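Every chain is numbered from 1 and lettered A, B, ... according to where its sequence line falls, protein lines coming before strand lines. Keep in mind that this is a model prediction, so the values were computed, not measured.
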2 protein chains.
Amino acid sequence: MDADRWMGLDLRHLVALKTISDEGSFGKAAGALGYTQSAVSQQIATLERIVGLRLIERPGGPRPISLTEAGTILLRHAEAIQARLLAAKADMLALEAGDAGRLRVGTFQSVGARVLPTLLRRFTETHPGVEIVLRESVNEEELLEMVERGELDVTFWTLPVETGPYEWSELLTDPYVLVVPAGSPLAALKRTPTLKEISLQPLVGFSYCAAMNHVESQLAASGRTPNVVFRSDNNGTVQGLVGAGVGVSVSPLLTVDEGDADVVVIDLLGRIPPRVIGLVWHRDRHRSPAAEAFVETARAVCGELAAERTAA
Amino acid sequence: MDADRWMGLDLRHLVALKTISDEGSFGKAAGALGYTQSAVSQQIATLERIVGLRLIERPGGPRPISLTEAGTILLRHAEAIQARLLAAKADMLALEAGDAGRLRVGTFQSVGARVLPTLLRRFTETHPGVEIVLRESVNEEELLEMVERGELDVTFWTLPVETGPYEWSELLTDPYVLVVPAGSPLAALKRTPTLKEISLQPLVGFSYCAAMNHVESQLAASGRTPNVVFRSDNNGTVQGLVGAGVGVSVSPLLTVDEGDADVVVIDLLGRIPPRVIGLVWHRDRHRSPAAEAFVETARAVCGELAAERTAA
DNA sequence: AGTCTTCGATCATGGACGCTGATCGCTGGA
DNA sequence: TCCAGCGATCAGCGTCCATGATCGAAGACT
């Protein structure tokens with residue numbers, strides 16, 4: 001009755017294995033789990049009896065324990081199962097909270113200003129029953145974490161997405177452009193300025209933002225550390241400062257108001273690799289029809305935006 | 001203490017949910033699981049208490065039950081968890097059987113004859129410690145099922161792979177060629193024969209084989225049902241019959257001995273879409289270094305084979 | 001060398017919890 | 001109207017798991 005043995009496998013066993021692996025000892029794990037050391041010891045003993053293999057190497061004495069190969073492999077499965085369980089829990093809590101007709105969307109500023117209005121208008125037209133809850137975050141990392149924790153159903157994100165339980169869809173590639181005051185010598189230049197030339201200018205930048213970090217590291221790679229004279233969180237403020245002659249800025253095209261007569265927007269022709277904006281969601285969680293429709297609408301809207309650009 | 005509630009979740013609860021969904025009633029599920037109806041009833045009750053939502057709609061009386069939305073979603077998670085658990089079990093059993101240095105590979109004949117010798121020679125040279133166990137199957141479907149059940153670590157397969165817990169790597173595209181007796185009028189033809197012309201010929205084919213089904217359906221699509229005068233499982237027999245003038249054959253190039261002077265091999269120039277051969281393995285199972293090396297070696301060998309072909 | 005400390009294993013015990021078997025309520029069909 | 005099918009409920013029993021104390025092993029410190 002091998003199969004029967006595995007039926008006796010308990011989730012707490014797997015949790016114990018993971019906790020021990022994290023904490024580094026039976027006793028610590030017991031503390032973290034609210035059990036006695038004895039209990040954890042017995043849990044691992046049963047687990048090892050079930051799988052028929054030693055999972056943890058206990059050298060004895062105060063020496064640190066280690067996972068055997070079987071333990072390592074089983075741990076990976078255990079983590080996957082726990083993750084899936086968390087996803088299930090998130091789905092159930094969402095249903096419990098009456099989220100059937102609600103969609104929680106994470107955004108950041110450069111998306112919010114340009115893409116969202118069109119997208120939201122079109123989506124609410126076609127899906128009037130769905131309530132959209134927007135969550136704009138200054139700290140972009142937070143958005144992914146919220147998706148993982150099930151606090152967001154889908155979020156905008158700058159691809160690629162780091163490893164994790166995610167799936168995503170590419171929406172549009174957003175090139176970086178140089179924004180200079182209308183009278184700037186760089187505007188009169190016949191050719192595209194080099195990164196080094198840009199680094200020599202006083203720079204107006206964003207405060208905390210993945211895009212800005214990207215720009216600065218690219219500029220720094222050109223040999224000269226950029227001289228950032230002012231930072232702001234707000235797209236309009238940055239562009240206003242540039243228009244006032246405080247400095248130049250390198251921004252994603254999406255954040256730039258191209259109708260502003262005080263500034264000149266210069267295509268950098270890929271000297272800084274463009275960022276790719278996409279929508280990210282949790283791989284394991286339930287995707288409601290509303291969520292799928294939202295992604296599709298976003299793809300459509302962004303596709304049209306890209307088409308407009310190439311036409312212009 | 002919401003979190004505590006979820007800690008009490010038991011695998012048997014999820015199994016019960018799935019069994020009920022499969023069997024269609026509490027009582028049947030109880031029978032299938034070896035429990036009492038009462039027990040199953042209580043299991044679902046606790047499960048619903050844990051998740052805080054009604055999972056199964058019981059209309060009362062002899063009417064059939066149905067899953068609620070929450071039940072459907074949770075069931076999907078439950079199935080994923082069960083699948084992962086089976087993968088873990090397969091990994092543990094493999095380790096228990098001392099499979100650390102063993103690699104079980106599924107093949108079918110057309111791969112076996114051409115690719116395998118080179119691949120095995122090179123792999124055993126670079127990995128002398130790994131014992132390779134080959135499993136050649138006439139019934140190709142069986143190979144995938146064996147991978148799913150954990151009885152094979154990796155298998156050759158004709159892509160695309162149907163949905164399931166699989167990952168794969170493309171190895172090479174194997175075009176279909178027409179094999180005719182040396183004196184055949186088709187061999188004298190200046191142009192590539194059409195599928196209809198081929199259908200008019202007596203055909204020598206393979207017995208049961210995905211490739212053959214593919215060929216016949218393609219030929220049938222050309223308007224005339226092909227006239228198969230003889231079938232064999234064996235590549236050599238098929239080619240021998242063609243050489244003896246019994247008929248012509250449409251075969252994957254990999255299965256053809258191009259050195260045979262009795263036959264002429266005619267490129268069909270993609271008139272029948274080529275098959276793509278790949279290696280498939282279980283998405284959730286542990287991939288040993290040996291398995292990964294095997295895939296890499298296979299890719300290398302097949303890459304060289306493809307290069308030789310284009311050179312010729 | 002001896003003692004202390006740390007850590008996991010072991011054991012008996014008490015309590016919680018899940019399964020059983022019987023019974024009840026409900027509903028649709030004969 | 002009665003009956004069959006199905007799930008809910010309840011008391012009782014058995015099992016199994018966490019507890020708390022104790023033990024053995026092995027490094028660290030004096």
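When rounded to the nearest whole Å, the span between CZ of A:F26 and P of C:dT10 equals 11 Å. The distance from atom CG of B:L55 to atom P of D:dG7 is 15 Å, rounded to the nearest whole Å. At whole-Å resolution of the value, CD in B:Q37 and P in C:dA22 are 13 Å apart. Between the P atom of C:dG8 and the CG atom of A:L47 lies a distance of 16 Å, rounded to the nearest Å. The distance between atom CG of A:D10 and atom P of D:dT15, rounded to the nearest whole Å, is 19 Å. In this entry the distance linking NZ of A:K28 with C1' of C:dT5 reads 14 Å, nearest Å. Between the CD atom of B:E57 and the P atom of D:dC6 there is a distance of 18 Å, rounded to whole Å. Nucleotide D:dC6 holds its C1' atom 16 Å from the CD atom of B:Q42, rounded to whole Å.
Proximity of a side-chain donor or acceptor of A:R104 to a complementary backbone N or O of A:G150 within less than 3.5 Å is detected. Between the side chain of A:E48 and the backbone N or O of A:I56, at least one donor-acceptor pair lies under 3.5 Å. Side-chain atoms of B:T19 come within 3.5 Å of backbone atoms of B:V15 as a donor-acceptor pair (strictly under, hydrogens ignored). Within the 3.5 Å criterion, the main-chain N or O of B:H286 finds a donor-acceptor partner in the side chain of B:D91.
Nearer to the 5' terminus of DNA chain D, by closest-nucleotide assignment, is the contact made by B:S38 (compared with the other of A:R63 and B:S38). Both A:P59 and A:G34 lie close to DNA chain D; mapped to their nearest nucleotides by heavy-atom distance, the more 5′-ward contact belongs to A:G34.
Closest to the side chain of B:Y35, out of D:dG27, C:dT20, C:dG8, is C:dT20. Nearest nucleotide to the B:R12 side chain, out of C:dG18, D:dG20, C:dT27: C:dG18. The side chain of A:T36 lies closest to D:dG20, out of C:dT20, D:dG20, C:dG8. Side chain of B:I65, nearest nucleotide from D:dG7, C:dT20, D:dA18: D:dG7. Minimum atom distance to the side chain of A:R58 is reached by C:dG8, of the listed D:dC10, C:dG8, D:dG20. Among the nucleotides D:dG5, D:dA26, C:dG8, the one closest to any side-chain atom of B:P62 is D:dG5.
Heavy atoms from other residues, nucleotides or ligands lying under 6.0 Å from CD of B:E292 number more than 12.
In this structure, B:S25 reaches the sugar-phosphate backbone alone: every heavy-atom distance under 4.0 Å involves primed, P, OP1 or OP2 atoms, never a base. Note on B:Q43: only backbone sugar-phosphate atoms sit closer than 4.0 angstrom, heavy atoms only; bases stay farther off.
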